[in-house]
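Worksheet for the structure shown next.
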Amino acid sequence: MFIGGLAIFLFGIKYLGDGLQKVAGDKLRDILDKYTSNPVMGVISGVVVTVLLQTSTGTTVLTIGLVNAGFMTFRQAIGVIMGANIGTTATAFIIGLQISDYALPILAVGTFLIFFLKNKKANNFGQVFFGFGALFYGLNLMGEGLEPIREVEAFADLTVSMSQTPILGVIIGVIFTVSVQSSTAAIGLLQQLYAQGAMDIHAALPVLFGDNIGTTITAILASLGASLSAKRAAMAHVIFNLLGTIVVLIFIQPFIAMMIYIKDRFMLNEEMTIAVAHGLFNGTNVLIQLPFVAVLAWIVTKLIPGKETLIEYKAQHLDPVLINQSSSIALGQAKKETLRMAELATQGLHEAGQFADTKQKKHAEMTYQLEDGVNNLDKKITDYLVRISTNSLTAADSRIHSLLMDTVRDLERVGDHMENIVELTEYQIANKVKMSESAMVDLREMFALTSETLKEAIRALEDDDVEAAKSAMQKEEQVDKMERQFRKKHIMRLNDGSCEGSAGIIFVDMISNLERIGDHATNIAETVINE
């Protein structure tokens with residue numbers, strides 16, 4: 001019953017977080033992007049986003065993306081991570097409200113909104129309600145499943161040991177949180193054990209501090225093979241929680257005495273007592289360490305040295321003042337920004353090829369970041385060009401305007417195709433599909449030629465070079481020919497059994513995406529030739 005309850009509880013947290021994310025839409029990223037100008041605002045943003053996501057790891061992943069994108073400095077990211085630690089206490093407070101008697105009606109409301117209404121917004125709210133209900137229903141089952149544990153002598157002895165040796169409780173908290181990969185679930189279990197009388201507050205609080213360290217292990221595991229920013233964010237998380245735990249263990253007896261006083265004074269139930277202890281611990285930890293964000297950033301940078309790979313998403317050349325002053329100068333600036341967008345697309349194609357070849361997670365992360373950058377510049381440049389078009393343009397300016405509008409659209413499509421390639425590789429990894437060495441050789445060759453075609457088309461755009469444009473178009477014909485040739489070779493591999501069917505489907509989809517990137521490179525070249 002306990003294991004089943006834990007499973008439903010974990011599902012409830014995940015489903016609730018996904019539902020909240022759908023309801024919030026792109027607002028989560030916007031909150032982190034706009035409201036992290038100083039560490040205090042970073043903490044507040046981290047709290048809000050973590051409450052909505054129901055996972056501090058999810059907030060950390062979003063933050064890493066923004067650091068990689070150049071939207072946020074690593075120092076600002078530390079503020080968000082601190083806030084995420086406070087935000088993650090929200091679920092413990094919700095559990096402390098003891099509304100688990102209403103779990104099944106809440107589930108019913110969620111089910112009605114999901115299955116009986118055709119409105120997508122209502123479905124998203126239904127997911128929130130269903131996740132919320134599942135969380136409490138799982139909690140109920142966990143509580144009932146844990147009741148017999150009070151009679152187990154070995155467990156009683158263990159809780160006595162934890163009361164006498166707090167460090168033992170910390171270690172147990174770490175182990176359990178790492179096992180279930182969720183500090184929220186570990187703290188939910190702790191609340192149930194305390195409520196059932198299976199352990200007293202002297203044993204429960206050290207386990208709570210261990211849960212806080214355990215959640216950083218999840219961040220470390222998530223950062224393995226990831227970008228430098230991801231590793232630094234995970235390390236900042238570890239140091240922050242570790243220092244907090246060390247400080248509170250030094251003052252463990254006064255802290256326990258304070259919690260007993262608060263429990264009696266405000267007549268708190270057991271679950272809410274743990275929630276308050278969790279909130280006080282993380283809140284105090286943030287207050288103590290917030291003034292030393294710069295020091296923490298310096299320590300982490302020394303521990304994990306290296307140069308961060310930043311992608312500048314933000315438009316650098318699109319000055320709105322120029323639109324009314326001089327259309328031709330404004331178009332020149334738009335061209336510079338389009339070439340930056342082209343650079344991101346070229347780099348993204350290279351990273352996608354590296355991921356398909358090496359399967360290293362950092363290349364997938366970087367491709368997604370670059371694709372985000374391409375999409376962002378697509379919107380900014382298109383808006384800028386639309387505003388320029390309200391002016392009267394000369395024939396020459398009109399040609400450049402049209403060329404840039406078409407190029408931006410093609411580059412955005414290149415971004416979509418490189419993202420498709422990464423998703424195909426991720427599918428290959430997830431389903432343990434092995435591609436033959438012959439297929440990989442073909443894939444590398446086609447990546448190289450497609451990349452060269454795109455670079456040649458961009459060179460033609462940059463220099464307004466008709467010969468370079470013709471060269472790009474010739475290369476694209478080779479890409480088309482290569483795709484047809486490799487399809488035939490693939491069928492032969494399937495027939496002789498050297499390549500399995502599922503690998504073949506991935507291979508064909510990949511070369512098809514590369515061929516489409518070649519087509520978009522040709523479109524860019526054709527606009528330069530003015531065909």
* To do: Would you confirm whether Gln289, through its side chain, and Phe240, through its main-chain N or O, come within 3.5 Å as a donor-acceptor pair?
  =>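 It does hold such a pair.
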How about Asn391 and Ser327: does a side-chain donor come under 3.5 Å of a side-chain acceptor? yes
- Message: Could you tell me if Asn85 and Asn241 have a donor-acceptor pair between their side chains, going purely by distance under 3.5 Å?
- Response: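 The criterion, which ignores hydrogens and geometry beyond distance, is satisfied for Asn85 and Asn241.
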Problem - Residues Arg487, Glu483; criterion salt bridge (charged side-chain N to carboxylate O under 4.0 Å, His left out); working and verdict - result: CA-CA 6 Å; Arg487 275 178 186 267; Glu483 196 234 3; 3.0 Å; yes
Residues 439-448 vs salt bridge (Lys or Arg N to Asp or Glu O under 4.0 Å), sequence neighbours excluded, gives Asp357-Arg444, Glu437-Arg444, Asp442-Lys489, Asp442-Arg493
Residue pairs passing the salt bridge (Lys or Arg N to Asp or Glu O under 4.0 Å) test with at least one member in residues 413-430, sequence neighbours excluded, are Arg413-Asp416
[X], [atom1] atom: more than 12 neighbouring heavy atoms under 6.0 Å:
X	atom1	result
Gln354	CD	yes
Phe447	CZ	yes
Lys359	NZ	yes
Met492	CE	no

Using residues 119-127 as the side-chain source, report each donor-acceptor pair under 3.5 Å to any protein atom, sequence neighbours left out, with the distance given to one decimal.
residue : atom : partner : partner atom : Å
Asn119  : OD1  : Lys121  : N            : 2.7
Asn119  : OD1  : Ala122  : N            : 3.1
Asn123  : ND2  : Leu113  : O            : 2.8
Asn123  : ND2  : Ile114  : O            : 3.4
Asn123  : ND2  : Leu117  : O            : 3.0
Asn123  : ND2  : Asn119  : O            : 3.3
Gln127  : OE1  : Lys22   : NZ           : 3.0
Gln127  : NE2  : Tyr15   : O            : 3.3

May I ask you to test the [X]-[Y] pair for a side-chain heavy-atom distance under 4.5 Å?
X	Y	result
Asp406	Leu403	no
Ile458	Thr346	yes
Phe115	Thr111	yes
Leu411	Ile524	yes

Those residues at least two apart in sequence (or on a different chain) that pass ring pair (Phe, Tyr, Trp, His ring centres under 6.0 Å) with Phe132 are Phe136
Residues passing the ring pair (Phe, Tyr, Trp, His ring centres under 6.0 Å) test with His401, sequence neighbours excluded, are none
Does [X] pair with [Y] as a salt bridge, N-O distance under 4.0 Å?
X	Y	value
Asp18	Lys14	yes
Asp464	Arg399	yes
Glu456	Arg459	yes

_Could you check, using the six-membered ring where one of them is a Trp, whether His520 and His417 have ring centers closer than 6.0 angstrom?_
yes
Smallest separation among heavy atoms of [X] and [Y], with atom names:
X	Y	answer
Gly244	Asn285	CA-OD1, 3.4 Å
Ala439	Phe507	O-CE1, 3.4 Å
Ala185	Ile13	N-CD1, 4.2 Å

Can I get a per-line list of side-chain donor-acceptor pairs under 3.5 Å for residues 39-48, giving both atom names and the distance, sequence neighbours left out?
residue : atom : partner : partner atom : Å
Ser45   : OG   : Tyr35   : O            : 2.7
Ser45   : OG   : Met41   : O            : 2.8

Inset, instruction - Apply side-chain hydrogen bond (donor to acceptor under 3.5 Å, both in side chains) to the pair Thr91 and Thr184, showing each step before the final yes or no. - result: CA-CA 7 Å; Thr91 313; Thr184 308; 4.6 Å; no
Value for CG (Leu404) from OG1 (Thr338), rounded to nearest 0.5 Å, stands at 4.5 Å
**Message:** Please determine whether salt bridge (charged side-chain N to carboxylate O under 4.0 Å, His left out) holds for the pair Arg340 and Glu337, giving the CA-CA distance in whole Å, both sets of side-chain angles, and the decisive distance to 0.1 Å.
**Reply:** CA-CA 5 Å; Arg340 273 195 66 239; Glu337 207 59 60; 2.4 Å; yes
Practice item. Carefully, step by step, assess Ser328 and Ser326 under the rule side-chain hydrogen bond (donor to acceptor under 3.5 Å, both in side chains). Key: CA-CA 6 Å; Ser328 59; Ser326 168; 3.3 Å; yes
